[in-house]
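Have a look at the structure below before the remarks.
Chain identifiers are assigned alphabetically (A, B, ...) following the order of the sequence lines, protein sequences preceding nucleic acid strands; residue numbering begins at 1 within each chain. Just the heavy atoms: all of them, side chains too, but no hydrogens, waters or symmetry mates, feed the values below.
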There are 2 protein chains.
Amino acid sequence: MRIDKAHSNGSDGAKRARGHVHEHVLHYMRRGLMIGAFVPGQVMSLRKLAAGLGTSPMPVREVLSRLVAASALEETAGGSVRVPKLRPEKLSDLFAVREMIEGTAAESAAKKAGPGLLAELNGINEQLLTAIEKRDILNCLSFNQKFHFTLYEASGSEVLMPLIESLWLQFGPTMYMSLLIPSMPWNASDHKDILSALKDGHAAAVKKGIVHDIRTTGKALLSVAGPDGVDLPFARGPELQFDY
Amino acid sequence: MRIDKAHSNGSDGAKRARGHVHEHVLHYMRRGLMIGAFVPGQVMSLRKLAAGLGTSPMPVREVLSRLVAASALEETAGGSVRVPKLRPEKLSDLFAVREMIEGTAAESAAKKAGPGLLAELNGINEQLLTAIEKRDILNCLSFNQKFHFTLYEASGSEVLMPLIESLWLQFGPTMYMSLLIPSMPWNASDHKDILSALKDGHAAAVKKGIVHDIRTTGKALLSVAGPDGVDLPFARGPELQFDY
DNA sequence: CCAGCGCGATTGTGATCTCATATTGTGATC
DNA sequence: GATCACAATATGAGATCACAATCGCGCTGG
């Protein structure tokens, strides 16, 4: 989807619809962070981003502001915002907190799971396995996220979900980078255990599966992270443009 | 502290200092939410707030945007933002998550506690007890918050702190309202146990104390909450102005 | 007396402008 | 050749303007 250039107040088409531009921008940025369109360390320029999206810096500023509030981005001394580089200690912290929070969400979800949930998760996991087979990073990350969030969503907690989203936005860029490294394993084996535990209605086992999945991912991520986060052994420039 | 009116681009005094107005506004709003200057359900008007603070709507918009991202405020259908009313289920959720997260933070803090922490917490608790004695709501909330956050801060987790802050901002307004209700107990008895456990270096006991403190508070809050959150038995208008 | 309607006031949103500051690039000096 | 200073540029922040959607309130018709 492309945002139409809505410049020039006057004349012709494209009446300004109220209050929806920033939603597009937010969606664009969140997705961009998740699928690795932005490199850790990269500073975001209001004007550049705005130009790329065909809007004024204003909606971009609002969105960046929200993402800073969610710890997905950080401000530099000069007031710019950039994608944070995760030091190993913070990465470790992040995954420890993930285990706790997402483990709880998974357990709660398992207790409340309706009949449709299992089928839905199975379908998503099939697509995830296909993506892994094809070495398709984007779909791999996308379906993995969908798997986890669909499960957690079933907990029905309006409190946990925003916290989990904040955590995912924080490690998202690093996660993508790590998948570019050859030694990084692509693994979704824990999902099978989670699904079978869910089928049996064993909430504690579902929690255990999620915790194990997160721990495995965290260990793998830490193993490829240098002191300043994940760095690639080859050059890779920031992609300011991508389709979504 | 008062923010100088920095209107009118031209002429006389008050040169526009760069990029600090919104920090004042953010501080003002966060504190306002914590100390109950804003009533749950109240809608915030950009222009009113800006006029009250002597700035343009712009910095206010950015701050409100961040607070919405932190779940401290919510947007109405029309795009305005308001202080959320917490339904009992959400309140219950919130305090369950608090137990988990703050319990973990407290345990971690207890393990890393340096020698100065105990003294600092003791001092804060003294002030809290004085505030309770005087039935001074503002200082009571303020010192209670300081007690908890000082403890959690000692965990050194850059990941947990923002999450905890988000949670406190969510129940802050409701907490204040509840203290206005006569039947609501003013209690800090758990803090004594926490301090003695901390002195003995029993991290697990510190965690237990924090969890108990949170659970007690949550139960009390739930007991005075109606189906639409805490409502006062008497009228109370929103206070748009307060000193801080 | 109440429901439906319409007009006006209010509000949020996005664009544009200006300014102060941060950053970068260039040139001179040691 | 390296370093420092200064200038040019880029960038974010805040103010102001314009506009459309929304909300409130009174009016009118049943």
Item to complete: Return no unless some side-chain N or O of B:Ser45 is found under 4.0 Å from OP1 or OP2 of C:dT11.
Response: yes

Practice prompt. Please determine if a side-chain N or O atom of B:His22 lies less than 4.0 Å away from the OP1 or OP2 oxygen of D:dA13.
Written response: no

Response to the item:
When both distances are under 3.5 Å in a Watson-Crick or G-U wobble arrangement, the nucleotide paired with C:dT29 is D:dA2

Worksheet entry | Distance in angstrom units between B:Met58 CE and C:dT11 P, rounded | 16 Å

Worksheet entry | Between P of C:dG12 and CG of B:Leu49, the distance in whole Å | 9 Å

Worksheet entry | Short N-O contact, B:Glu165 and B:Arg30, less than 4.0 angstrom | yes

Discussion item. If the cut-off is 4.0 Å, is A:Lys48 near the phosphate of D:dA10, judged by side-chain N/O to OP1 or OP2?
Written reply: no

Worksheet entry | Spacing between A:Leu64 atom CG and D:dA13 atom C1', to the nearest angstrom | 14 Å

Item to complete: For the pair A:Arg87 and B:Glu158, find out whether any cationic side-chain nitrogen is under 4.0 Å from an anionic carboxylate oxygen.
Response: yes

Item to complete: Let me know the distance between CE of B:Met44 and P of C:dG12, rounded to the nearest Å.
Response: 11 Å

Worksheet, complete the sentence: Atom CG of B:Leu73 and atom C1' of C:dG12 are separated, to the nearest Å, by 15 Å

Worksheet item: Is the closest side-chain donor-acceptor distance between B:Arg82 and B:Thr76 under 3.5 Å?
Response: no

Item to complete: Could you tell me the separation between the CD atom of B:Glu75 and the P atom of D:dC23, rounded to a whole number of Å?
Response: 14 Å

Worksheet item: So which nucleotide from D:dG12, C:dG12, C:dG14 ends up closest to the side chain of B:Leu46?
Response: C:dG12

Worksheet, complete the sentence: From CD of A:Glu23 across to P of C:dG14 the rounded distance in Å is 9 Å

Worksheet item: Looking only at atom types and distance, does a side-chain atom of A:Ser142 sit under 3.5 Å from a main-chain N or O of A:Asn139, one as donor and one as acceptor?
Response: no

Practice prompt. Round to a whole Å and report the spacing from CZ of A:Arg82 to C1' of D:dT11.
Written response: 15 Å

Item to complete: Find which nucleotide of DNA chain C each of A:Arg61 and B:Arg47 is nearest to by heavy atoms, and output the residue with the more 5' nucleotide.
Response: B:Arg47

Worksheet entry | Nearest-nucleotide 5' precedence on DNA chain C, B:Pro57 against A:Thr76 | B:Pro57

Item to complete: Scan side-chain atoms only and decide if B:Tyr28 and B:His24 contain a donor-acceptor pair under the 3.5 Å cut-off.
Response: no

